[in-house]
Amino acid sequence: MPADRTTEPAPTTWTLPPLGALLVAIVLIACAEIGGAAMVRFKIDLARWARSTMLRHPAVHGLVGVRDVDEQVLDEALVKFDAGLRLFHMHAEGMGLVIIGTTMVAVTLTASPVSRRVIVLLLTIGGAGYPLGYLAWSALIPYHGIERGKTLAEWFCWGPFGGATIVAMWWLTAVVAARMVRR
Amino acid sequence: MARDTRAFGVAAAALIVLFTATPGWPHHVGTYTARDNAISANFKQIKFSIQAGKFDVARSLFEDGALRKEMLARAGRLPPGLPDTVANAIRARDSKTAEAALALFFSALARDLAREADARLADPGTGADARVAAGGKFLEAIWRYWNLIDFAVSERDPKAAVAMRLAFEEAETESQPGPRRVATAADPARLRASFARVARTLSDVIESLSAVTRRNS
């Protein structure tokens with residue numbers, strides 16, 4: 001009787017990532033969903049808050065007190081404010097899944113415990129922190145303007161957390177490639 | 001273990017490089033396209049209705065729209081009876097006169113902005129850089145209005161249209177930081193001169209369009 005191929009053990013079984021990493025990923029996805037729902041439910045309130053805050057900081061936004069000039073400045077800032085929230089929603093959902101997938105690859109294929117721990121840590125922290133940069137950017141726009149807000153988000157979120165993810169991803173790539181060569 | 005330490009060192013170094021380098025790589029967070037305000041949106045609706053020969057629709061859009069309200073609010077700075085000129089031209093199915101009267105209105109809006117910018121630039125209470133930056137925003141607003149009527153003016157008065165574009169480009173060069181600005185430091189006086197030229201050119205456009213609307217009404 002031929003062996004049932006579907007019941008044969010796989011050459012490698014996937015290993016579950018640390019529960020901490022999984023929790024971070026799931027919380028991130030949950031935050032993305034809450035963020036998306038809040039964006040719809042409080043769209044007008046959020047826009048009103050952002051607009052009134054910008055009007056309280058006219059110098060930051062270069063408002064001159066002339067309707068034909070200011071309405072475009074405010075409109076652009078509000079569009080970017082909304083874009084930041086949307087990008088947070090999208091990236092938080094995506095990065096949550098990226099954390100789950102990549103940490104699973106890391107714990108399954110990285111032989112060295114130190115490398116494994118560092119890669120998982122970088123992927124988890126980087127993946128969770130990067131999307132928060134978009135949320136921070138949105139919150140900063142009314143107080144610091146579009147460009148200054150973006151610079152702050154780049155320095156404190158996108159740079160370090162995005163950098164951590166990129167480093168971990170390339171490290172993981174090297175680990176997988178080295179494993180292929182050794183096979 | 002030594003290999004792990006080396007790998008960790010390389011990763012940390014890469015992280016530091018990335019951390020310091022990424023703020024230099026601007027994140028792409030989408031582009032913004034300027035939207036119409038109530039006046040320019042109403043103008044486009046009226047214009048397209050006239051072009052489609054739907055004069056009844058154009059009339060109701062003009063009678064109830066933001067454009068006429070703005071005309072009435074600025075009546076003191078416009079040629080007398082401009083709203084009536086537009087309404088009569090639409091009623092008479094005279095698309096050329098209606099278009100000229102509407103172009104006149106937007107020229108007046110742009111000229112008022114140029115004069116306001118000139119007044120702001122003359123205010124010594126604000127720093128030179130802030131004044132020049134505000135001048136740039138005024139220019140953008142002027143261009144948005146001019147852009148709506150550029151073609152209509154070019155058809156009737158090509159010299160004025162070219163003069164306006166040249167004056168605008170000169171003002172733009174003066175208002176932008178970096179290599180495009182002729183002077184190394186922000187110079188409100190030079191920008192004022194450019195705005196004065198823009199305002200003068202627009203006054204000439206208003207004059208020639210007024211002659212067209214008077215002749216046809």
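Naming convention: chains lettered A, B, ... in sequence-line order (proteins, then strands); numbering from 1 in each chain.
Along residues 38-73 of chain A, the residues that come nearer than 4.5 angstrom to chain B, judged on non-hydrogen atoms, are A:His61, A:Gly62, A:Val64, A:Gly65, A:Val66, A:Arg67, A:Asp68, A:Val69, A:Glu71, A:Gln72, A:Val73 in order of number. The stretch residues 86-100 of chain A places A:Leu87 near chain B, each with some heavy atom under 4.5 Å from a heavy atom of that chain. Residues of residues 125-136 of chain A lying under 4.5 angstrom from chain B, judged on non-hydrogen atoms, are A:Tyr130, A:Tyr134 in numerical order.
With 3.5 Å as the limit, one finds no donor-acceptor pair spanning the side chains of B:Tyr145 and B:Asp112. A side-chain donor from one of B:Ser154 and B:Arg165 sits under 3.5 Å from a side-chain acceptor of the other. Side-chain atoms of B:Thr201 and B:Asp204 include no donor-acceptor pair closer than 3.5 Å.
With B:Arg156 contributing its side chain and B:Ala152 its backbone, the two residues share a donor-acceptor pair below 3.5 Å. The main-chain N or O of A:Ile146 is found under 3.5 Å from a side-chain atom of A:Trp137 such that the two form a donor-acceptor pair. Under a 3.5 Å cut-off, the side chain of B:Asp118 and the backbone N or O of B:Phe195 do not form any donor-acceptor pair. Looking only at distances, a side-chain donor or acceptor of B:Arg131 sits under 3.5 Å from a matching main-chain atom of B:Thr126. A donor-acceptor distance shorter than 3.5 angstrom exists from the side chain of A:Ser138 to the backbone of A:Phe81, with no hydrogens or angles considered.
A salt bridge links B:Arg197 with B:Glu170: at least one charged nitrogen is closer than 4.0 Å to a carboxylate oxygen. Salt bridge annotation for A:Lys80-A:Glu76: present, with a cationic side-chain nitrogen under 4.0 angstrom from a carboxylate oxygen.
For B:Lys44, the side chain to side chain donor-acceptor pair (under 3.5 Å) partners are B:Asp36, not counting sequence neighbours.
The shortest side-chain heavy-atom distance between A:Val175 and A:Ile119 falls under the 4.5 Å cut-off.
Of the atoms belonging to B:Arg120, it is side-chain heavy atoms, and not backbone ones, that fall under 4.5 Å from chain A. Of the atoms belonging to B:Glu116, it is side-chain heavy atoms, and not backbone ones, that fall under 4.5 Å from chain A. Contact of B:Ile39 with chain A is made through the side chain alone, with heavy-atom distances under 4.5 Å. Using a 4.5 Å cut-off between heavy atoms, B:Ala34 touches chain A through backbone and side chain atoms alike.
In terms of heavy atoms, B:Arg115 sits closest to B:Ser203 at NH2-OG, 3.6 Å.
Aromatic pair B:Trp146/B:Phe168: centroids not less than 6.0 angstrom apart.
The one candidate from B:Thr213, B:Leu209, B:Thr97, B:Val86 that meets the side chain to side chain contact (heavy atoms under 4.5 Å, CB included) condition with B:Leu102 is B:Val86.
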